[in-house]
Peer 1: 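Mind looking over this structure? Questions follow.
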2 protein chains.
Amino acid sequence: MDRRQQKTRAAVFRAFSTLLSEKSYSKITVQEIIDTANVGRTTFYAHFETKDDLLKALCKELFDHIISSAADCTHTHGLYSDGNAPESVFCHLLQHLQEDENNILELLSCESSEIFLRYFKDSLNELIQDQFVDQNRKTNTGIPRDFLVNHISGSFVEMVLWWIKGRRKQAPEELDRYFRAVIEPIL
Amino acid sequence: MDRRQQKTRAAVFRAFSTLLSEKSYSKITVQEIIDTANVGRTTFYAHFETKDDLLKALCKELFDHIISSAADCTHTHGLYSDGNAPESVFCHLLQHLQEDENNILELLSCESSEIFLRYFKDSLNELIQDQFVDQNRKTNTGIPRDFLVNHISGSFVEMVLWWIKGRRKQAPEELDRYFRAVIEPIL
DNA sequence: ATAAAAAAGAACAAAATGTTTGTTATCGAA
DNA sequence: TTCGATAACAAACATTTTGTTCTTTTTTAT
């Protein structure tokens, strides 16, 4: 991709992120975004159709590689299959989040975090779904597999939100222990 | 409250709900709302400061009494304390939702459901928090009580969303059984 | 019946949206 | 280095949306 495009794209993303940490998504205008990013109006619309479109693009940018990194993790060892090894997918994800290469955590703690959270969960859900199909787990209790997958991805995302709101006092490894405690009994 | 105020308030809420089932929150304009509700522009702004304000008001309107009804439920018997009696709070909540006095479920299945979901979870969280404090539960495993409360409310809300997206094939009682299966092991 | 309160309607400035046009700067490849 | 392609820019634009202000009409509670 053209260097110029990369530059403006990054500038818009950065501006948007900054604004999101200041005010709610619905109150942010395209005008503010282009002012903050210091790009022309035409340029913005050449890259994104609408503000919603920009939001989706940012979600994709932020979560796609963290998820694919986690996917690699599940391919070598399963979700939690290797006993209590620190290489569980969930621990991996949490560590990845804490490193905060971009400002994912800032976005997940902003006023409009629900939007990003939802995207995150949907991605995670697919990941776990695949894992469950691979291992051909049986639900001995008559609980639908689908339900369990949703329960795990949902719980994880809600945990992350709890973690962030509580100012991330726990280390990823400790959080992983909590998660294990509430999830393993049902696997 | 004045009958006229009630009428316009209801009309605006209804219009807003209708629009939410058609398009995303961010694409809805005040203009559309007042057109659909058939109220004057001045009238709208006399009731609500902004579109966001309207959203909050609708959330409050919809969830507050369903939550307080659930709160009554926890005061007579606990969360799940009476063994497998159908009077568990969660079953109560699900039944309440299914009856769908207003159109809560329609809103929870709309494109912008995250917003309502978040409000729902926060309310639920308080409810469970109180219950946990009352019963003075001990966390024998070193898992913070706070974490468990969040896990329960989070899981519940994610379950509801799963239920709705799957077109509500299960009866509340069956869903309650699922939820029991994933939550009771950790209580 | 009457005073108070609420809704409607019209009209308004200010701001935001999305598009068009022509110009300038930058890129990547020859 | 040159050159064609492409991206960014600036300015201007019609259109829509926003939020407010006024007056007039209707409805309410007592």
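Below, chains carry the letters A, B, ... as their sequence lines are ordered, and counting in each starts from 1.
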Peer 1: Closer to the 5' end of DNA chain C via nearest nucleotide, is it A:Arg3 or B:Gln5?
Peer 2: B:Gln5
Peer 1: Considering only distance and modelled atom types, tabulate donor-acceptor pairs under 3.5 Å from the side chains of residues 155-166 of chain B, sequence neighbours left out.
Peer 2:
residue, atom, partner, partner atom, Å
B:Ser155, OG, A:Ser155, OG, 3.2
B:Ser155, OG, B:His151, O, 2.6
B:Glu158, OE1, A:Arg118, NH1, 3.1
B:Glu158, OE1, A:Lys121, NZ, 2.7
B:Glu158, OE2, A:Arg118, NH1, 3.4
B:Glu158, OE2, A:Arg118, NH2, 3.3
B:Trp162, NE1, A:Asp146, OD2, 3.1
B:Trp163, NE1, B:Gln170, O, 3.0

Peer 1: Does a side-chain N-to-carboxylate-O contact under 4.0 Å join A:Arg180 and A:Asp176?
Peer 2: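 Salt bridge between A:Arg180 and A:Asp176, a charged N being under 4.0 Å from a carboxylate O: yes.
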Peer 1: With respect to the side chain of A:Thr8, which nucleotide from C:dA16, C:dA6, D:dA8 is positioned closest?
Peer 2: D:dA8
Peer 1: Rounding to a whole Å, what distance do you find between A:Gln6:CD and C:dC27:P?
Peer 2: 11 Å
Peer 1: Whole Å only: how far is the CD1 atom of B:Ile34 from the P atom of D:dG19?
Peer 2: 11 Å
Peer 1: Is it true that, when you exclude B:Glu22 itself, more than 12 heavy atoms of the residues, nucleotides or ligands shown sit nearer than 6.0 Å to its CD?
Peer 2: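 Enclosed.
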Peer 1: What's the shortest heavy-atom distance between A:His92 and A:Ala70, and which atoms?
Peer 2: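 Distance-wise, the nearest heavy atoms are CD2-CA, 4.0 Å.
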Peer 1: Under 4.0 Å between a side-chain N or O of A:Gln31 and OP1 or OP2 of C:dA16?
Peer 2: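 Looking at the OP1 and OP2 atoms of C:dA16, neither is under 4.0 Å from any side-chain N or O of A:Gln31.
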Peer 1: Side chain of A:Gln129, backbone of A:Val149: donor and acceptor closer than 3.5 Å?
Peer 2: no
Peer 1: Give me the residues of residues 35-61 of chain B where at least one heavy atom lies under 4.0 Å from an atom of DNA chain D, by number, or none.
Peer 2: B:Arg41, B:Thr42, B:Tyr45
Peer 1: Please confirm whether the backbone N or O of B:His65 pairs with a side-chain atom of B:Ser69, one donor and one acceptor, at under 3.5 Å?
Peer 2: no
Peer 1: B:Met1 CE to D:dA29 C1': how many Å, rounded?
Peer 2: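 Interatomic distance, CE of B:Met1 to C1' of D:dA29: 16 Å.
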Peer 1: To the nearest Å, give me how far apart CD1 (B:Ile28) and P (D:dT16) are.
Peer 2: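 The answer, rounded to whole Å, is 19 Å.
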Peer 1: D:dT18 C1' sits how many Å from B:Ile33 CD1, rounded?
Peer 2: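 Result: 12 Å.
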Peer 1: Between B:Arg4 and C:dA5, is there a contact of a side-chain N or O with OP1 or OP2 at under 4.0 Å?
Peer 2: no
